[in-house]
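For reference, the structure discussed in these notes is given below.
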Amino acid sequence: MAIISCPACGQKVSDKAPECPKCGAAIAGLDKEKLAAMERDRRLNLNQSLVTQSMLAMVLFLAGFFFYWQLPPHGWQYYAAILAIGVGFIWYLVNRVRILMLKRKSKHGL
């Protein structure tokens, strides 16, 4: 008996379990190639989601800068623009770190 990652959700489950207790995906009867293909697809979808989030964070960051330079100081919109700059920048950095961690994890085969 071995512990594997569910190909659908990534939860750790026994390879003898008929289905994942978390998401209900069928595990029994899948060969190693099918499991590896499903895991690869899951990681690819996660990576694509992180790249999309990074682009949204960059749009928020740039929109904040645009409004920061266009608005007069000391209005609520001015402070909202500063907040958008900060949130967009931090969101972008967090997503880039998550992408790097996912690539390292994939590279090492974990």
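Just the heavy atoms: all of them, side chains too, but no hydrogens, waters or symmetry mates, feed the values below. Nothing here was measured: the structure is a model prediction, and the numbers come from that model.
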Quiz item: About how many Å separate CG of Leu83 and OH of Tyr68, when rounded to the nearest 0.5 Å?
Solution: 14.0 Å

Practice problem: Check the hydrophobic clustering (I, L, V, M, F, W, Y; side-chain heavy atoms under 4.5 Å; chains of links allowed) and say if Phe65 and Tyr79 are grouped together. | Solution: yes

Practice problem: Give the cluster check for Val59 versus Trp69: same hydrophobic cluster or not, with ILVMFWY residues linked at side-chain heavy-atom distances below 4.5 Å. | Solution: no

Quiz prompt | 4.5 Å side-chain heavy-atom contact, Ser54 and Arg96 | solution = yes

Exercise. Report the C-alpha distance between Arg43 and Glu39 in whole Å, list the side-chain angles of each, state the deciding distance to 0.1 Å, and finish with yes or no for side chain to side chain contact (heavy atoms under 4.5 Å, CB included).
Key: CA-CA 6 Å; Arg43 286 190 186 190; Glu39 178 68 20; 3.1 Å; yes

Quiz item: Is the closest side-chain heavy-atom distance between Leu44 and Arg40 below 4.5 Å?
Solution: no

Practice problem: Identify the two heavy atoms, one from Cys20 and one from Gln11, that lie closest to each other, and give their separation to 0.1 Å. | Solution: SG-CB, 4.2 Å

Exercise. Establish whether Leu71 and Phe66 are linked, either directly or via other cluster members, by ILVMFWY side-chain heavy-atom contacts under 4.5 Å.
Key: yes

Quiz item: Backbone N or O of Asn45 within a donor-acceptor pair of the Ser49 side chain at under 3.5 Å?
Solution: no

Self-check item: Pairwise side-chain contact, Ile90 with Val94, heavy-atom cut-off 4.5 Å (strictly under)
Solution: yes

Quiz item: Is the His74 ring parallel, tilted or perpendicular to the Tyr78 ring (thresholds 30°, 60°)?
Solution: tilted

Quiz item: In terms of hydrophobic clustering (I, L, V, M, F, W, Y; side-chain heavy atoms under 4.5 Å; direct or indirect links), are Phe61 and Phe67 co-clustered?
Solution: no

Quiz item: Atom CZ of Arg98 and atom CG of Asn47: how far apart are they, to the nearest 0.5 Å?
Solution: 10.5 Å

Self-check item: Within one Ile-Leu-Val-Met-Phe-Trp-Tyr cluster: Ile82 and Trp76, side-chain cutoff 4.5 Å
Solution: no

Practice problem: Indicate yes or no: at least one non-hydrogen side-chain atom of Trp91 is less than 4.5 angstrom from one of Gln53. | Solution: yes

Self-check item: Tyr92 and Leu60, any side-chain heavy atoms less than 4.5 Å apart
Solution: no

Quiz item: What pair of heavy atoms forms the shortest contact from Ala81 to Gly64, and how long is it?
Solution: CB-O, 3.5 Å

Quiz item: Between Ile3 and Val13, is any pair of side-chain heavy atoms under 4.5 Å apart?
Solution: no

Practice problem: Test Val51 against every option in Leu56, Asn95, Ile99, Leu46 by the side-chain contact (heavy atoms from CB on, under 4.5 Å) rule and name the one that passes. | Solution: Ile99

Quiz item: In this structure, are over 12 heavy atoms from other groups packed under 6.0 Å from Met101 atom CE?
Solution: no

